[in-house]
Amino acid sequence: MTGRVAEYEPRQIEAKWQKVWEEQDAFDAKDCDSSRPKYYLLEMLPYPSGTLHMGHMRNYTIGDAVARYKRMRGFNVLHPMGWDAFGLPAENAAIKNQTHPREWTNANIAEFRRVLRRFGFSYDWRREISTCDPGYYRWNQWFFLRMLEKGIAYRKKSKVNWCPQCETVLANEQVIDGFCWRHEDTQVESKELEQWFWRITQYADKLLDDMKTLAGGWPERVLAMQRNWIGKSRGTRIRFEVAQMDGMSFEVFTTRVDTIYGASALVLSPGHPQVNQLLDGVPGRAWMEGQLKTLRQKSTKVADVATAEKEGFFTGRFAVNPFSGENLPIWVANFVLAEYGTGALMAVPAHDERDYEFAEKYQLPVKMVIQPAHAAPLRADQFSEAYTEYGRVVNSGPYNGLTSEEAIARMTADAQSKGFGFGETTFRLKDWGISRQRYWGTPIPVIYCDKDGIVAVPDDQLPVRLPEEVKLTGQGKSPLASDPQFVNTTCPKCGGPARRETDTMDTFVDSSWYFYRYTDPHNEKAPFDKEIVKYWFTIDQYVGGITHAILHLLYSRFFCKVMRDLGLVQHDEPIARLFTQGMVQKGGVAMSKSRGNVVGAVEMAEKYGADTGRVYTLFAAPPEKDLEWSEEAIEGSSRFLNKVYRLVAKHAERLREMPFDSSKQTDMATASAKEKILVRRTHQTLKRVTNDFETRWHFNTSVSSLMELLNEIQAQEPLDVDVSPLIVKRALCAFVLMLSPMAPHIAEELWEMLGQSGGLSKEKWPEYREDLTKEEQIEIPVQINGRLRGKVLVSDGISDDETTELALKDARIAALLDGKQVVKTVVVPKKLVNIVMR
RNA sequence: GCCCGGGUGGCGGAAUGGCAUACGCGGGGGACUUAAAAUCCCUUGCCCUCACGGGCGUGCGGGUUCGAAUCCCGCCCCGGGCACCA
């Protein structure tokens, strides 16, 4: 045919088209364009540290394939990128390298940006944001002030993790099994500090309820994790008076008030604030103090707490069961959490596993008050474990015979009317502590004045800038406190001397609303324009890792609800659909710098080309599954693109001038056999790939469909005999268009080689035609008793009876059926025949 | 303990009630080449058989069905999340 064919040079092609895209602003999204449907596609913004590896790239490749597909489908696509630029690693790196966190961060951002461009992701770069810019974080401060006005932001003393070696507060993530991450032999202490909190608990119910609207769009396991985290629990609060101590009482929270007649003790947490008062004047007090101290000092390691043996002591005091009037001994025990419920509980050994275990050890009575509703009754002498199911209430005075549900309702109502209790809902979720004693974050915009107390920084003084010249030592308290120029200020109210807040905000604040800023990134008067947000929101599709299933995604939902209450947005949920992609692993574990198993994105792109990297990450596994990186398997994707390039290059010359109109299709009545194959295979592939993009995103099968189509086209060689050039051109153009979301650079190059102009970013996705996917003749399997015994060729419109007849006539089938009785035949049209014989 | 995933060739995976192992990697054989690389062709689940052919086979055991990797019941194993939450 033609002479020597040029070789596929990914580096050259990729640079060429990236430049073209940039010059054409090919991926700019147009605000408030009502002529097209909008599509907001978002990938989680990276923390710019270390190197971008293939784990990042997988996330962006999945997103980019969808973004490009949606554009071809006629959507106005918003596909932005930015940097989660505040955070501890920058500060630590700065201390280590004697640089400024901003320098370190900016260098990383520059590198990340370069690598993302090297992969040709179709971002609207005009909208790039960086959370460490004062132009961004001033809006963190602005939101903080609005929350302060609303009472959502408040200050209280709270326990923090404190390392006595570092002399600083540690984030929960920096506490490893109760020890400091930098001092493996130093136990982290608990210390009380004044901290700023955001009242996320005020939205607990809403956060839980609104998850109903996310069902279907969010992975069930993410919803399950959030549900678990919020931890809603409905129950009853009951007050127990202490016998012979006037006015002293304890409240307990229980979800099973129906078991209260079976209570055999009242148990307090060692951390309960009233323990000391209770022990006043009790004989043996000194011994008890010792016991208390031991219980309180027990390891706080998570693993230990869960498996620790139950221990406790009897206080010598008694509480009165308000339902039965019975006196219950008051105990203090390690298994009662101070932070949950009321820090006290009623122990019902017969119907709670933990209480049973405790009662066994300390010989407390086990009183059965619930019997199974449908199974055989429990017998006291055969009781070996707690019965925790609902059932029918017994031995409970006036409540006997009720079901658990009825008893809970009745007893809660009675407690309320008699004044010793009420129905209550508790949550595991706690308010969000946002104070960090760190430098590299958003300064909290508050001033402390001796005269006026806590004073908000006025809006017109925002942003409160991070001072650039601060000495970072990693020691002591908040770094900002060591900068007198920053700390000392004047009170906005009285003008007198005052001090600035020296803590900064948790970096999760930055990422809780960043996706709103993309819609209007340069606005200096507001965090964003309401109308523009209204146009773009909600986010149609969010793509990111499962690691953020709780914190980031819960905080973002909370922020949205606060913003709605502030009148800034009108929607209840910011993200309609969430896709969590699997990790990229090497040697069975996630890629990470510390493990030294990182495959750098740049190295990968230089060796094989960005398109090959993209195709491989899509092909190697379905996107939600973890993917084991294989240097050998990537060769397959490289070979595939090389083959595609050679095929198109071989035929491009003679097809270049051929006019091509994708809306016109071949007349199958006059087509040759080869032409029919080309047309049908093309439309079959179009159908499969379109389905993959529209439904479950299994791009691995999209790539394999294209590989099969490529093989089919090659099998029809020579393509200049018995095939009209127009049909070859249509097949190749459809191929290139289908490839373009996944391997955009080579697709652009081939498109140009085929004589098509204007670039692919303006092209439409090719529609398949159902009738053109149909084969004239189909080979279907013939089974006897469900076992494959032969095959017959049937034509498209054949009836079931005709199919059966054909199958029975098949020589091999006939031989097997000889002398046997056919009981029944099953025909699945165009799929299969099954003959049941005896 | 509870909740969510998952278990298919040597490997990544395909098939979601209808031909198990598509596509790719790896392996074996061949063509081209002085040679190598690249490329192309053939082959590749296990067992029996010279062969034709047959049997087995989707973690295990049952069930439903003309037909099960797929649906149902009961287990086992692996991964992840939560975990003394009253």
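Quick caveat, the model's predicted, so the values are computed rather than measured. Proteins come first, then strands; the chains are lettered A, B, ... in the order of their sequence lines, and each starts at number 1.
The interatomic distance linking Asn700(A) (CG) with U8(B) (P) rounds to 16 Å, in whole Å. Regarding Arg787(A), its CZ atom lies at a distance of 18 Å from the P atom of G18(B), rounded to whole Å. Rounding to whole angstrom units, CD of residue Glu632(A) and P of G24(B) are separated by 16 Å. Protein atom CG of Leu641(A) is 12 Å distant from nucleotide atom P of C25(B), rounded to whole Å. The CG-P distance, from Asp352(A) to C85(B), rounds to 8 Å in whole Å. Taking atom CG of Leu832(A) as the reference point, atom C1' of G17(B) lies 11 Å away to the nearest angstrom. Between Lys650(A) atom NZ and C40(B) atom P there is a gap of 11 Å when expressed in whole angstrom units. Distance CG (Asp355(A)) to C1' (C84(B)): 10 Å, rounded to an integer number of Å.
Each of G13(B), G81(B), A86(B) was ranked by its minimum atom distance to the side chain of Lys625(A); first place goes to G13(B). Comparing G13(B), A22(B), G54(B) against the side chain of Glu708(A) picks out A22(B) as the nearest. The side chain of Lys310(A) sits closest to C84(B) out of A83(B), C40(B), C84(B). Here the nucleotide nearest the side chain of Phe619(A), chosen from C23(B), A14(B), G18(B), is C23(B). Candidate nucleotides G18(B), A20(B), A14(B) were compared by shortest atom distance to the side chain of Leu788(A), and A20(B) ranks first. Of the candidate nucleotides A14(B), G54(B), G18(B), G54(B) has the atom lying nearest to any side-chain atom of Arg789(A). Nearest nucleotide to the Val826(A) side chain, out of C84(B), A83(B), G18(B): G18(B). The side chain of Arg646(A) lies closest to U39(B) when the candidates are C66(B), G18(B), U39(B). Nearest nucleotide to the side chain of Pro622(A), out of G18(B), G81(B), A14(B): A14(B). Checked against A15(B), A86(B), G13(B), the side chain of Arg696(A) finds its nearest nucleotide in A15(B).
At a threshold of 4.0 angstrom between heavy atoms, the contacts of Ser630(A) with the nucleic acid are absent. Contact annotation for Glu635(A): no contact, since no heavy-atom pair falls under 4.0 Å across all strands. Within 4.0 Å of Asn711(A), counting heavy atoms only, lie sugar-phosphate atoms of the nucleic acid but no base atom. The residue Val336(A) sits close to a base: some heavy atom pair falls under 4.0 Å.
For the residue pair Glu802(A) / Ser799(A), a side-chain donor-acceptor distance below 3.5 Å is found, with atom types taken as modelled. Side-chain contact annotation: Gln716(A) with Arg681(A), donor-acceptor N/O pair under 3.5 Å absent. Counting only N and O atoms by type, the side chains of Thr412(A) and Thr236(A) include a donor and acceptor under 3.5 Å apart.
Both distances falling under 3.5 Å, in either a Watson-Crick or a G-U wobble arrangement, place C46(B) opposite G55(B). C82(B) and G1(B) make up a base pair, with Watson-Crick or G-U wobble contacts both under 3.5 Å. Look at A31(B): its Watson-Crick or wobble partner, with both distances under 3.5 angstrom, is U39(B). Pairing for A14(B) is absent, judged as Watson-Crick or G-U wobble with the two contacts each under 3.5 Å.
Ion pairing of Arg221(A) with Glu624(A) is absent here, as no side-chain N (NZ or NE/NH1/NH2) approaches a carboxylate O to less than 4.0 Å.
Remark: the Lys791(A) side chain and the C19(B) base include a donor-acceptor N/O pair separated by less than 3.5 Å. Contact annotation: side chain of Asn834(A) to base of C66(B), donor-acceptor pair present below 3.5 Å.
Between Ser233(A) and A86(B), a side-chain N or O to OP1/OP2 separation shorter than 4.0 Å is present. Between Asn785(A) and U65(B) there is no side-chain polar atom (N or O) within less than 4.0 angstrom of OP1 or OP2. Close to G54(B), at under 4.0 Å from its OP1 or OP2, lies a side-chain N or O of Arg812(A).
A gap of 15 Å separates the P atoms of A20(B) and G67(B), to the nearest Å.
For Phe427(A) and Ala633(A), each mapped to the nucleotide of RNA chain B holding its nearest heavy atom, the one lying further toward the 5' end belongs to Ala633(A). When each of Asn228(A) and Val828(A) is assigned the nucleotide of RNA chain B with its nearest heavy atom, Val828(A) is the one assigned upstream, toward the 5' end.
Taking the six-membered ring where the residue is Trp, Phe358(A) and Tyr362(A) present tilted rings, their angle falling between 30° and 60°.
Judged by distance alone, with hydrogens and angles left aside, the side-chain atoms of Lys367(A) form a donor-acceptor pair with the main-chain N or O of Ala263(A) at under 3.5 Å. A donor-acceptor pair under 3.5 Å links the side-chain atoms of Arg680(A) to the main chain of Lys774(A), judged by distance alone.
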